[in-house]
Amino acid sequence: MLSVDKAIAKLIQKNNEFDADKALAAFIQTQKNLGANSVPREFLARLKAQLPTLIQQLGNVYVDYPAFELYIQNLIATMYASYNERPSALKALDQKRAKNPTWFQSQKMVGGVCYVDLYAKNLSGIRAQIPYFKSLGLTYLHLMPLFKAPPLHNDGGYAVSSYREVNPQLGSMVDLNILADELREAGISLVLDFIFNHTSNEHEWAQKCFAGDVDFQDFYLIYPDRTIPDLFEKNVREIFPEEHPGAFSQLEDGRWVWTTFHSYQWDLNYANPNVFLAMACEMLFIANQGAEVLRMDAVAFLWKKMGSDCENLPEVHTLIQAFNTIAKIAAPSLLFKSEAIVHPDDVIKYIAKGECQLSYNPLQMALLWSTLATREVNLLNQALSERNTIAADCSWVNYVRSHDDIGWTFSDEDAEKFAINGYMHREFLNNFYLGRFPGSFAQGVPFQENLKNGDCRISGTTASLVGLGQQDNFAIERILALYNIVMTTGGIPLIYLGDEVGMLNDLGYVNDEAKAADSRWVHRVAKNPLLYKEAQADKNSATAKLFNGLKHLITLRKKTKALAGGLLKTINTRNASVIAYSRVVEDESVLVIANFSENPQRINLDDSYSREMLDLVTNKHVVIQQNLTIAPYHFMWLK
Ligand code: OTU
């Protein structure tokens, strides 16, 4: 952080009224005083355009902060320093994206996600996979957290001890820069996590805070005894109850620190404006390493307020918007992807051009699994017709599985409309995916089972959850049925790498001290090269059927303009197991029909659809008429 010229600081503070013009003038004057070259026009123009917004946003949250003007000068200096360090290739990208700001809405977008070590050992291993990623059709690659984290207490990289160092086992910062460049040249956008709600207890800030360093003592939420924690805990949810009850953990000296997740993941105190400034610095640093998209981890928990549940508070939105404004000034092509696995009413609030342009679609994910279990498309259909529309310049990231558990985050009120009781439905889904329900094909594992309130989430790979490898003939069809929805409902489809060859659960994690207590590792499986070989070598294998089926959908999607963007209209099939919707872009339209049961199903569309159409998936003509029969788990893209 640079400090501001004292005379300038005095000059700003003399004025009672503080506005963007004065802040801008003070910044320019400071640069002159420093004898620096004139500020590049590009930066100045963006600063001028965005500064009023930024001041307003931060002013809303930090209204009582006594040295606000000085604070803004520090922030401008930080952004300018970061702009000056931004590699020219990324500055060129900034200009390219400015000409086509909704580039990510193209139907050509297809995402993949993997752990660096599990998928390819290290960053150079990932580099070696670029030809494969290209052949699969990926244009977006989320590499799971790769920054420095303690060897044992790291939550799979989500407990960061330095945002400026790569985990040495995975490579170096130079390796990351080279990889980012090569991915960009291959047309693949690098997505990295921005883990900004908390740090590892081994982060320098945490250690200084613990030691009582005045500059860092307010970086986290540490209390001398249980008085305040007890008050907060009256209203907050338990996120990792298997690890510790409540939201606080006791330190070795007896004090209590806020830890929404693991005891070693300390929540940052965003009520302290210096935390925001320090994190903004780290954000721009990560952006300058070549990340085109930041996955905004655990957004819901950023702001705490006594008496509330401390989730999704208005200040969270303002702060993310402020981060976004900073990006627009110093790294304008950067996109944010919201990770809010919460009630759908709250998920959608993070999605806006000025906040997060992208967001996971956890509702669709959960309802895909619900549909498979019930063989009824009612809830999925409702979500597509009522909860799929977002701001025109934003996109969903639709997915079947992530590295996390499946949480049943549908709205109870929505379910109520079909006389489905939310509590009972969640209980059914948990039993079903744990293989405890009669006739279930699933082989899931419980995650964070809370005996106090009956909550439970599900771990397991896609393949294990659909019963691949069991005495069941439909496992591959189920995986393709799930990915069909993700590929055709708009936004960016995201493939959990390994799904394309049907990787199964691996219980081996229990032998690893860093993983044993966390069942999510059952589906965070090391790449099995044999399956990838089988997919190529043996055309008749189940693996090849899955791999080629998925690849076919990707290729088709890229050719089908009607699948761009996010506009969608659901269509009544008059059959509880069959979903249908149309996608239209300009002069092209596609009608998607999908059967979610293992029995043939008859549908009756409105007469207006009665005609002969081409099914892009099979390249065969289909006559839409009354009582049309759809084969088990079959789907069509009708043009
Ligand atoms: C995220 O998930 C990450 O995806 C997890 O892998 C991390 O462990 C965690 O944050 C901490 O960094 O609780 O079970 O309601 O569900 O943010 C996953 C939102 C999680 C949370 C989500 C969190």
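Just the heavy atoms: all of them, side chains too, but no hydrogens, waters or symmetry mates, feed the values below. Remember, it's 1-based here, ligands and their atoms both numbered in the order they're listed.
Side chain to side chain, Asn312 and Tyr350 meet the donor-acceptor criterion of an N or O pair below 3.5 Å.
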Any protein N or O within less than 3.5 Å of an N or O in ligand 1? List each pair with its distance, or say none.
from     : atom 1 : to     : atom 2 : distance (Å)
ligand 1 : 2 (O)  : Glu339 : OE2    : 3.3
ligand 1 : 2 (O)  : Asp404 : OD2    : 3.3
ligand 1 : 4 (O)  : Arg295 : NH2    : 2.8
ligand 1 : 4 (O)  : His403 : NE2    : 3.0
ligand 1 : 4 (O)  : Asp404 : OD2    : 2.4
ligand 1 : 6 (O)  : His403 : NE2    : 2.9
ligand 1 : 6 (O)  : Asp404 : OD1    : 2.8
ligand 1 : 6 (O)  : Arg520 : NH1    : 3.3
ligand 1 : 8 (O)  : Asp155 : OD1    : 3.2
ligand 1 : 8 (O)  : Asp155 : OD2    : 2.5
ligand 1 : 8 (O)  : Arg520 : NH1    : 3.2
ligand 1 : 8 (O)  : Arg520 : NH2    : 3.4
ligand 1 : 10 (O) : Asp297 : OD1    : 3.2
ligand 1 : 12 (O) : His198 : NE2    : 2.9
ligand 1 : 12 (O) : Asp297 : OD2    : 2.8
ligand 1 : 14 (O) : Asp405 : OD1    : 2.7
ligand 1 : 14 (O) : Arg457 : NH2    : 3.0
ligand 1 : 15 (O) : Ile341 : O      : 3.1
ligand 1 : 17 (O) : Glu339 : OE1    : 2.8
ligand 1 : 17 (O) : Glu339 : OE2    : 3.2

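Phe194 meets the ring-ring contact (aromatic ring centres under 6.0 Å, His included) test with Phe196, Phe323; sequence neighbours excluded. Scanning for salt bridge (charged side-chain N to carboxylate O under 4.0 Å, His left out) contacts around Glu339 gives Arg295, with sequence neighbours left out.
Looking only at side-chain heavy atoms (C-beta outward), Tyr62 and Thr318 stay at 4.5 Å or farther from each other.
Here salt bridge (Lys or Arg N to Asp or Glu O under 4.0 Å) pairs that include residues 301-315, with residues two or more places apart or in two chains, are Arg237-Glu311, Asp267-Lys304.
By the 30° and 60° cut-offs, the orientation of the rings of Phe240 relative to Phe447 is perpendicular.
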